[in-house]
Amino acid sequence: MATSAALMAVVPLAAVLFLAIVGGASVAAMLLDGAPVPAGAIAVLTVILGINVLLRGENFLRVRDAEADRAEKDEVVSMLLGEFEESEADWLWQIDTARRVCDPSMRFAGALRASPVDIEGEPFLRLILGDDWQNQEALPVHRQLAEKFTRRESFSSLAVRVVLDGNVKWWELSGMPAYDEQGNFAGFRGVGSDVTEQHESNEKIAYLARYDTLSGLPNRMMLTEALAEALRFAEKWRTQCALMMIDLDRFKAVNDSLGHLVGDTLLAQVAKRLNDAMDDNTFCGRLGGDEFAVVVRDVSNPRLLAERGEWLIELLSEPYSVDEHTLHIGASIGSATGPADGTTVEMLLRNADLALYRAKDERGGVYRCYEPTLFAVAEERRQLETALRAALQRGEFHLQYQPIVDARSETLMSFEALIRWHPEGGSPIPPDRFIRLAEETRLIVPIGRWVMERACRDATRWPTHVRLSVNVSAEQLLDPDFSGDVVRALSASGLDPSRLEIEVTESVFLNDADRARRAMEEVIALGCKVALDDFGTGYSSLGYLRKLHFSNIKIDRSFVNGAAQGNIESLAIIRAVVAMAEFLEMATTAEGVEQAEEADLIRDLGCTKMQGYLFGRPMNVSDTDSLFRMRDREPA
Ligand code: C2E
Ligand code: CA
Ligand code: CA
């Protein structure tokens with residue numbers, strides 16, 4: 001039993017079973033023989049041997065586990081070492097107290113493109129930094145590295161720029177001071193790896209996050225950072241900085257007519273021109289679309305800022321040449337100075353934007369700086385927009401009609417429909433104050449649809465020789481369903497198409513002349529007429545008149561008044577337009593005729609129709625009814 005207990009300790013359960021059987025049997029035999037004392041002794045021996053077997057078994061297992069553990073650890077370590085040996089990127093380095101390389105490994109020497117003998121004993125910093133190594137003005141990380149050596153401090157993952165044979169490499173170095181057996185400082189020891197690739201891809205990502213790819217200029221994010229920095233500087237030194245927001249005029253026209261490729265090339269040229277105009281005090285970037293911005297770090301004088309803004313507009317408005325096209329665009333600038341106009345980046349952005357809006361509002365090509373009233377104006381505009389959105393549903397619009405008469409007989413020929421807005425609980429708002437806003441917000445499309453429908457319906461009350469003129473904005477005309485709207489208005493009212501004349505201004509040709517022309521041809525095909533409104537106030541390209549089939553040219557009030565006051569230019573323009581209209585068989589309508597003398601002059605100049613307070617102010621449709629009733633009673 002004792003022998004088996006000793007030998008079978010590695011299989012403790014079997015040993016215990018064996019002991020239990022043999023011991024149990026012996027004890028039973030002794031007891032049957034009537035010998036209780038030896039039986040007791042054997043029982044005690046069996047129990048002791050059992051305990052012994054169990055304890056040794058457990059011990060044996062523990063040793064075996066520990067052995068397996070160690071073997072596993074050895075495997076991991078050798079695997080790591082193996083990887084380290086295989087990797088090109090990592091190496092060990094060691095320097096002495098004088099910072100000279102000692103015991104260089106092949107790998108470290110390889111990283112320096114040298115052999116170990118060449119670099120043994122060479123100053124470490126010279127090897128990695130080149131001839132610049134003692135330059136105190138060197139990069140901050142180089143200074144940091146030298147400082148760590150001096151202070152005998154360990155460092156980790158320090159990114160160092162290394163120039164090897166003229167190539168820039170990025171190394172990541174970690175190191176710690178080394179001591180000999182006596183505890184004396186013996187230099188530094190550490191690891192290094194080449195992280196050039198990683199560094200370059202990080203740089204690329206950082207670049208993409210901060211630069212606009214199309215123009216190569218800093219993007220919105222970097223611009224706002226530069227602005228924040230300029231603002232901090234201005235606050236600290238009690239100076240002013242500024243943000244100029246630049247928006248290109250007529251860029252959309254180029255983009256729409258010549259395509260995005262030309263548009264993109266144009267933007268890149270604008271960016272280059274702008275960037276070349278920058279100096280130490282200015283920093284430019286692209287906000288997106290055709291919007292750019294300039295951060296001026298130190299504004300000593302607001303007048304100089306304005307001069308600079310105007311100069312930039314001139315510069316950016318010079319013609320561009322893209323492919324075979326010569327392109328003419330302009331620029332508008334709005335500026336805000338900080339901290340005077342705003343103490344945060346957000347406020348400066350918003351206020352410069354308000355000033356830009358103002359500049360655009362003045363038909364572009366100008367520089368405007370922020371004024372506190374602009375904020376009030378913008379706020380008012382916002383409120384107006386909210387009210388305008390609800391106006392159609394609330395039925396706050398109505399139409400008035402102004403007579404247009406024959407220039408010779410002064411008999412009524414047609415009515416021009418003019419929209420009126422009377423907000424609930426407020427005072428009436430004239431169209432000059434809300435049509436622009438409606439156009440900008442495209443609310444003019446549903447509003448114009450309502451005007452067309454209502455005016456056609458009202459016109460059916462008049463005698464059939466009386467025509468109807470309806471004003472149509474560019475946004476409306478260019479809406480894909482414009483001719484559909486006209487058809488629906490005509491068929492719902494039953495108005496004869498030949499009685500409807502739509503009035504468009506030259507601005508319809510500004511963005512997409514081809515589409516405007518197609519839309520016009522569609523309504524002409526329906527049998528309607530098209531008049532050119534406000535002639536002379538816009539871009540006055542007589543070319544439009546030749547190419548498009550206008551039936552009527554409306555000469556703006558300013559020329560009519562000018563001619564009556566003897567203004568030579570006004571007279572010349574009216575004469576020229578009348579001559580051309582006669583040649584092209586178009587009618588001419590003089591607008592804003594208020595005085596009898598004006599009417600006489602216009603008649604002499606040869607205009608065919610007249611409109612103005614002299615013949616009647618805009619009136620409600622019910623009043624037009626009474627006009628005809630009165631006429632009816634008059635003997636012919
Ligand atoms: P417009 O098409 O040139 O309309 C003529 C404007 O001159 C009208 O101003 C009219 O009331 C005014 N007027 C007429 N005769 C005289 C006159 O003898 N003396 C003076 N001082 N003014 C005269 P209103 O109604 O304020 O309309 C202004 C502009 O709003 C219109 O100019 C037109 O461009 C636009 N508009 C009006 N109704 C509509 C509409 O339904 N749709 C669109 N898209 N625009 C509209
Ligand atoms: Ca008109
Ligand atoms: Ca007009």
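When a ligand or atom number is given, it counts from 1 through the structure's own listing order.
- Within 6.0 Å of CD on Glu569 lie no more than 12 heavy atoms contributed by other residues, nucleotides or ligands.
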Under 3.5 Å, N/O to N/O: give me all the pairs between ligand 1 and the protein, one per line with atom names and distance.
{"residue": "ligand 1", "atom": "2 (O)", "partner": "Glu416", "partner atom": "OE2", "Å": "3.1"}
{"residue": "ligand 1", "atom": "2 (O)", "partner": "Asn471", "partner atom": "OD1", "Å": "3.1"}
{"residue": "ligand 1", "atom": "2 (O)", "partner": "Asp533", "partner atom": "OD2", "Å": "3.0"}
{"residue": "ligand 1", "atom": "3 (O)", "partner": "Asp534", "partner atom": "OD1", "Å": "3.2"}
{"residue": "ligand 1", "atom": "3 (O)", "partner": "Glu591", "partner atom": "OE2", "Å": "3.4"}
{"residue": "ligand 1", "atom": "15 (N)", "partner": "Gln402", "partner atom": "NE2", "Å": "2.8"}
{"residue": "ligand 1", "atom": "18 (O)", "partner": "Tyr613", "partner atom": "N", "Å": "2.8"}
{"residue": "ligand 1", "atom": "19 (N)", "partner": "Glu594", "partner atom": "OE2", "Å": "2.5"}
{"residue": "ligand 1", "atom": "21 (N)", "partner": "Arg557", "partner atom": "NH1", "Å": "3.4"}
{"residue": "ligand 1", "atom": "21 (N)", "partner": "Glu594", "partner atom": "OE2", "Å": "3.1"}
{"residue": "ligand 1", "atom": "22 (N)", "partner": "Arg557", "partner atom": "NH1", "Å": "3.2"}
{"residue": "ligand 1", "atom": "22 (N)", "partner": "Tyr613", "partner atom": "OH", "Å": "3.3"}
{"residue": "ligand 1", "atom": "25 (O)", "partner": "Arg420", "partner atom": "NH1", "Å": "3.0"}
{"residue": "ligand 1", "atom": "25 (O)", "partner": "Arg420", "partner atom": "NH2", "Å": "3.0"}
{"residue": "ligand 1", "atom": "38 (N)", "partner": "Ile419", "partner atom": "N", "Å": "3.1"}
{"residue": "ligand 1", "atom": "42 (N)", "partner": "Asn471", "partner atom": "O", "Å": "3.4"}
{"residue": "ligand 1", "atom": "44 (N)", "partner": "Ser473", "partner atom": "OG", "Å": "2.9"}

Hey, mind stepping through Leu327 and His325 against side-chain contact (heavy atoms from CB on, under 4.5 Å) and telling me if it holds?
-> CA-CA 6 Å; Leu327 305 174; His325 309 283; 3.8 Å; yes
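- Between Ser498 and Asp496, the side chains place a donor N or O and an acceptor N or O closer than 3.5 Å (distance only, hydrogens not considered).
- For Leu304, the CG atom is densely surrounded, since the number of other residues' heavy atoms within 6.0 Å is greater than 12.
- In this structure, Arg273 satisfies the cation-pi test against Tyr320, with its NZ or CZ atom closer than 6.0 Å to the six-membered ring centre and inside 45 degrees of the ring normal.
- Arg467 CZ: 12 or fewer foreign heavy atoms inside a 6.0 Å radius.
- For the residue pair Asp249 / Ser332, a side-chain donor-acceptor distance below 3.5 Å is found, with atom types taken as modelled.
- The atom of Glu416 nearest to the Ca ion (ligand 2) is OE2, with the search restricted to N, O or S atoms.
- Listed by chain and number, the protein N, O or S atoms at a distance under 3.0 Å from the Ca ion (ligand 3) are Asp533 OD1, Asp534 OD1, Glu591 OE1, Glu591 OE2.
- Under 3.5 Å, the side chains of Ser551 and Glu501 contain a donor-acceptor pair of N or O atoms.
- Salt bridge absent: Arg350 and Asp353 never bring a charged side-chain N and a carboxylate O closer than 4.0 Å.
- Metal site remark for the Ca ion (ligand 2): Ser469 contributes no N, O or S atom at a distance under 3.0 Å.
- Within a 6.0 Å sphere centred on NZ of Lys360, heavy atoms belonging to other residues, nucleotides or ligands number more than 12.
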